[in-house]
Every structure is written in C-alpha cells, then in structure tokens.
Amino acid sequence: MSIDITAEVAIRRAQRDVGAYMIDPAHDPVWIGGVREVRMETPPPLAVGSRVARIAHFLGRRVEYVNEVTDLDPERVLDMRSVRAPFPMRVTYSFEPDGDGSTVVRNRVRGAPGGFFALFGPLLAPMVKRSVQKDLERLRDVLECSR
C-alpha cells in the first residue's frame with residue numbers, strides 16, 4: 001500500500017522568508033513535531049545532492065532516516081527522497097505567494113510503508129496527513145509570531 005498526501009497552510013510572511021526558514025534543517029525540530037535530531041551528512045549549505053539525517057518518533061517508534069535533496073529553489077521548492085529509511089519516501093515542500101503578502105505552503109509526502117508501518121494499512125495515510133497538517137500549523141504559528 002502506498003501513501004500520497006498533501007497538507008497546506010497559508011502563512012502571513014513573505015515567500016522568501018518562509019522558504020529560507022523551511023530549507024534550513026536546523027529549524028526542523030522546532031516545527032516538525034516528531035523530529036528530535038537533525039544532522040547534515042554533507043557539508044552546508046543545503047543544495048541538490050545534500051543529505052540530511054533525522055531522528056524522529058512516529059506512532060511510538062523511533063525512526064531514523066536520511067533524505068537527499070533532489071530539487072531546491074529556496075523561494076519555490078525543496079524536494080527530498082529517502083536514501084536510508086524504514087520505507088522509501090519522497091517529501092516536497094512548495095511555497096507560493098498568496099497575493100496579499102502571505103505564502104501558501106504545501107507539504108506532499110509520498111511513500112510505500114513497509115515493516116511495522118505496513119500494519120496500519122489504510123489508516124496510515126490519514127494519520128500521516130494529520131501529522132503533516134499539524135506540523136504546517138506549527139510552522140505558521142512559529143513564523144507569524146516571530147515577526
């Protein structure tokens with residue numbers, strides 16, 4: 001079973017500010033609820049080919065994974081694919097102006113869960129979507145409060 005979900009939020013900040021914050025892996029533990037640790041496996045700055053290791057908790061499990069950046073335009077998109085993970089996944093952050101100085105942020109997550117996570121079957125996609133939506137809402141709160 002595969003998952004393909006997209007969550008979205010509007011943030012009252014300029015597109016370049018939102019993009020700059022989201023593409024800096026050091027910020028991940030602040031706005032991504034399950035992420036506990038982040039470490040660059042390649043020298044900074046983040047660029048296509050960069051690898052970022054993360055330790056997270058999801059469904060009560062410790063999850064270690066490494067994503068590789070496959071596309072990066074700091075004001076438009078960050079696309080990553082897993083190169084070491086419990087299951088293959090692809091994560092795409094996209095940012096676009098909303099016309100009123102706000103930015104629409106989307107986070108698309110695609111993957112084919114295996115092992116322990118496959119046990120959740122059709123329940124996994126809604127669980128992932130809820131988690132990702134909460135992360136984006138946390139991101140909005142962080143960025144709108146830091147003005």
Side-chain angles (χ1 to χ4, degrees), residues 1-38 40 45-61 63-114 116-147:
M1 159 157 214
S2 65
I3 62 170
D4 186 346
I5 65 96
T6 302
E8 177 179 310
V9 70
I11 299 175
R12 289 187 311 266
R13 291 288 297 266
Q15 183 177 357
R16 74 178 170 281
D17 297 338
V18 173
Y21 189 89
M22 287 185 75
I23 69 165
D24 184 346
H27 295 138
D28 289 0
V30 175
W31 70 273
I32 301 174
V35 171
R36 303 292 188 258
E37 296 176 36
V38 177
M40 291 286 297
L46 196 70
V48 171
S50 292
R51 290 187 173 195
V52 181
R54 293 176 175 87
I55 297 174
H57 283 83
F58 185 67
L59 298 175
R61 295 279 178 142
V63 181
E64 295 183 38
Y65 59 100
V66 176
N67 284 346
E68 180 178 76
V69 176
T70 57
D71 188 13
L72 176 63
D73 176 341
E75 291 188 29
R76 190 182 61 77
V77 68
L78 169 59
D79 186 70
M80 301 167 284
R81 69 177 178 90
S82 62
V83 292
R84 279 197 315 269
F87 55 87
M89 67 178 163
R90 183 168 217 110
V91 178
T92 307
Y93 303 154
S94 61
F95 336 107
E96 61 185 56
D98 197 16
D100 65 353
S102 294
T103 302
V104 174
V105 176
R106 290 183 187 86
N107 185 351
R108 182 177 181 197
V109 178
R110 293 155 284 175
F116 168 79
F117 296 102
L119 298 174
F120 290 90
L123 300 175
L124 190 60
M127 294 167 83
V128 170
K129 178 149 185 169
R130 261 192 312 277
S131 177
V132 171
Q133 186 65 45
K134 285 181 183 176
D135 292 343
L136 290 182
E137 290 167 4
R138 189 175 303 107
L139 173 71
R140 178 194 60 213
D141 294 346
V142 166
L143 289 176
E144 288 183 356
C145 289
S146 67
R147 297 187 109 181

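The model shown is predicted, which means the values in this text are computed figures rather than measured ones.
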Applying salt bridge (charged side-chain N to carboxylate O under 4.0 Å, His left out), name anything that partners Glu75, two or more places apart in sequence or on another chain.
none
Contacts of Asp4 meeting side chain to side chain donor-acceptor pair (under 3.5 Å) (sequence neighbours excluded), chain-then-number -> Arg108
For Arg81, all residues meeting salt bridge (charged side-chain N to carboxylate O under 4.0 Å, His left out), sequence neighbours excluded:
Glu68
According to the salt bridge (charged side-chain N to carboxylate O under 4.0 Å, His left out) rule, which pairs have a member within residues 20-38, sequence neighbours left out?
Asp28-Arg54
Check side chain to side chain donor-acceptor pair (under 3.5 Å) between Gln15 and all other residues, then give those that pass, not counting sequence neighbours.
none
Among residues two or more places apart or on two chains, list those pairs meeting salt bridge (charged side-chain N to carboxylate O under 4.0 Å, His left out) that have a residue in residues 87-98.
Asp79-Arg90, Glu96-Arg106
Arg76: salt bridge (charged side-chain N to carboxylate O under 4.0 Å, His left out) partners, not counting sequence neighbours:
Asp71, Asp73
Here the pair of heavy atoms bringing Ala26 nearest to Pro29 is O-CD, 3.5 Å
Where do Met40 and Val52 come nearest, in terms of heavy atoms and distance?
SD-CG2, 3.6 Å
Closest non-hydrogen atoms of Ile23 and Pro74, given as atom of the first, atom of the second and distance, are CD1-CB, 3.7 Å
So which pairs with a foot in residues 65-85 pass ring-ring contact (aromatic ring centres under 6.0 Å, His included), sequence neighbours left out?
none
Asp135/Arg138 ion pair, N-O < 4.0 Å
yes
Going by the rule side chain to side chain contact (heavy atoms under 4.5 Å, CB included), which residues pair with Pro45 if we only count those two or more places apart in sequence or in a different chain?
none
Short question: side chain of Thr103, backbone of Arg13 - any donor-acceptor pair under 3.5 Å?
yes
Write down the atom of Leu72, the atom of Val48, and the distance for their closest heavy-atom approach.
N-CG2, 3.9 Å
Heavy-atom nearest pair, Tyr21 first then His27, reads O-ND1, 3.0 Å
Any Val132 side-chain heavy atom under 4.5 Å of Ile5 side chain:
yes
